[in-house]
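Take a look at the structure set out below.
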Amino acid sequence: MKILYFAWLRERVGKAEEDVELPASVKTVADLLRFLTGRGEEYAHAFENAKVIRAAIDKVHVKPDAPIANAREIALFPPMTGG
Amino acid sequence: MKILYFAWLRERVGKAEEDVELPASVKTVADLLRFLTGRGEEYAHAFENAKVIRAAIDKVHVKPDAPIANAREIALFPPMTGG
Amino acid sequence: MMQVRITDQPIDPAAETVALTRGRSDVGALVAFSGICRDSEDSGKITSLTLEHYPGMAEAEISRHIEEAKARWPLLGARIVHRVGRIVPGEVIVFAACTSKHRMAAFEAAEFLMDFLKTRAPFWKKVESAGAENWVEAKEKDDNAAARWERGAKRKAAE
Amino acid sequence: MMQVRITDQPIDPAAETVALTRGRSDVGALVAFSGICRDSEDSGKITSLTLEHYPGMAEAEISRHIEEAKARWPLLGARIVHRVGRIVPGEVIVFAACTSKHRMAAFEAAEFLMDFLKTRAPFWKKVESAGAENWVEAKEKDDNAAARWERGAKRKAAE
């Protein structure tokens, strides 16, 4: 699965995007956040406050309980601060 | 007293401004409208629907019961339609 | 610079806007409204508009509303320019702009100023349409728009 | 013409505005908002802002909100231009304009678009201040501003 990171999430993870092999047990965005948190120190730091993280599947905002099965790309990012 | 007329009031009265000698009995804007109505056919036509007429004393909006004793100029006009 | 200007020459919104922001970097939000002469209304095609005003009072009344807006919102600047005389479709009738640190004050103040300008500033429009000239009648919806702000509230009332 | 544009070059509000009115005389009201980089905020002097965005989603999300605005108000046009990359104080971060026959629709739609852009469009600001760089935190008041429009109402709710 293609995962994108933005803003301080990108800085903490240390990359803008990556392809991640996901186990079948990772079914929702919330599952994905928990899974990524366990991938190492930088991820644990990036996702330490998981409830502020927003997600988009294929460039559309989704909630944490959104299923990820048919996603082409999943973006994870902090609350937006444009405008 | 210097009286100014604007828009269709000006057209109906036939002049933009005039100096009018007012009797002592004309104490308010409402009195003035009644007084002017009696000055001739063009005035009767101009003021036939007195309740739509707005007034300003010395360039400040006033209500019909405003006293006119200390006015330098009184303007009479239809509802405004700028902007 | 003058906050209020009445002119019989074409209004250039870009030029009027520049004056509110040039040389300063404390402005975070600029809301600029342009009211433009349309080529038609309910009653048909418009050939031209002619704007009459009460010189002296028009400037004073608009200035009073700008002061009121500055008392209600933390504005950094405000500017209103109103055209008078004969105007053809596509030309700007009125330009109103407000600047502030944040967007909400600028939006609210600009809308407030336009609502009051419509109902309280001494201007009158005559429309030329199909060879006939008629004075524009005041609209109840403009009175209602102004009334939203009446309660001294910073925010306008919901409808 | 494109309703949404994201650019790493300076934004010229006047040029962006012209495109909404040129060659047409059905527009009676234009509301143009410019969000400008200030030179200071609560925490001190600002040297620069750096804007990051999610290419593709940013345009799509803004376009969705323009469609939503067009469903709520009788708009004749809308345009949003957002800057990305490094910006210094005085430069325009975002430009949003709406045109309509009448002013109220243009005002409301422009404010609606900015409220949603602030909270839903995937852009992130980093501020450089006194040599340090920090990501800007989302503001609760921006969430509240967007929430005013949530009830499907044409007019935003009163506070």
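First the proteins, then the strands, lettered A, B, ... as listed; each starts at 1. Heavy atoms only: backbone and side chains are in, while hydrogens, waters and symmetry mates are out.
The distance from atom CD1 of I66(D) to atom NZ of K70(D), rounded to the nearest 0.5 Å, is 7.0 Å. Residue E41(D) holds its CD atom at 8.0 Å from CG of L49(D), rounded to the nearest 0.5 Å. The line from NE2 of H65(D) to CH2 of W149(D) is 13.0 Å long, rounded to the nearest 0.5 Å. With rounding to the nearest 0.5 angstrom, the CZ atom of F107(D) is 10.0 Å from the CG atom of L30(D). Separating the CG atom in D115(D) from the NZ atom in K141(D) is a distance of 11.5 Å, to the nearest 0.5 Å. The line from CE of M114(D) to CD1 of I80(D) is 7.5 Å long, rounded to the nearest 0.5 Å.
Between the side chain of R72(D) and the backbone N or O of A69(D) there is no donor-acceptor pair closer than 3.5 Å. A side-chain donor-acceptor contact under 3.5 Å links T99(D) to the backbone of G77(D). Remark: the backbone N or O of P74(D) is paired with a side-chain donor or acceptor of S100(D) at under 3.5 angstrom.
Counting heavy-atom neighbours within 6.0 Å of E48(A) CD, excluding the residue itself, gives a total above 12. By the neighbour-count criterion of 12 heavy atoms within 6.0 Å, atom CD of E137(D) is sparsely surrounded, having that number or fewer from other residues, nucleotides or ligands.
In this structure, E91(D) and P10(D) approach most closely via the heavy-atom pair OE2-CG, 4.0 Å. For A105(D) against L75(D), the heavy-atom pair with the smallest separation is O-CD2, 3.9 Å.
Ring geometry for F116(D) against F112(D) counts as tilted: the plane angle lies between 30° and 60°, on a 0 to 90° scale.
Annotation: residues 9-33 of chain A contacts chain D through R10(A), E11(A) [non-hydrogen atoms, separation under 4.5 Å]. Within residues 56-64 of chain D, the residues that have a heavy atom under 4.5 Å from a heavy atom of chain A are G56(D), M57(D), E61(D), R64(D), listed by number. Of all residues in residues 55-83 of chain A, those placing a non-hydrogen atom less than 4.5 angstrom from a non-hydrogen atom of chain D are A56(A), K59(A), V60(A), H61(A), E73(A), A75(A), F77(A), P78(A), P79(A), M80(A), T81(A), G82(A), G83(A). At a heavy-atom separation below 4.5 angstrom, chain A is approached by F123(D), W124(D), K125(D), K126(D) within residues 123-132 of chain D.
A salt bridge is absent between D26(D) and K101(D); no separation between the charged side-chain nitrogens and carboxylate oxygens falls under 4.0 Å.
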**Study point:** Criterion side chain to side chain contact (heavy atoms under 4.5 Å, CB included) on V88(D) and R86(D), from CA distance to verdict
**Key:** CA-CA 7 Å; V88(D) 296; R86(D) 190 168 184 276; 3.9 Å; yes

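Of the listed residues (L113(D), V94(D), L117(D)), just one forms a side chain to side chain contact (heavy atoms under 4.5 Å, CB included) with F33(D), and that residue is V94(D).
Of the listed residues (G35(D), A121(D), A96(D)), the greatest number of heavy-atom pairs within a distance under 4.5 Å of chain A belongs to A121(D).
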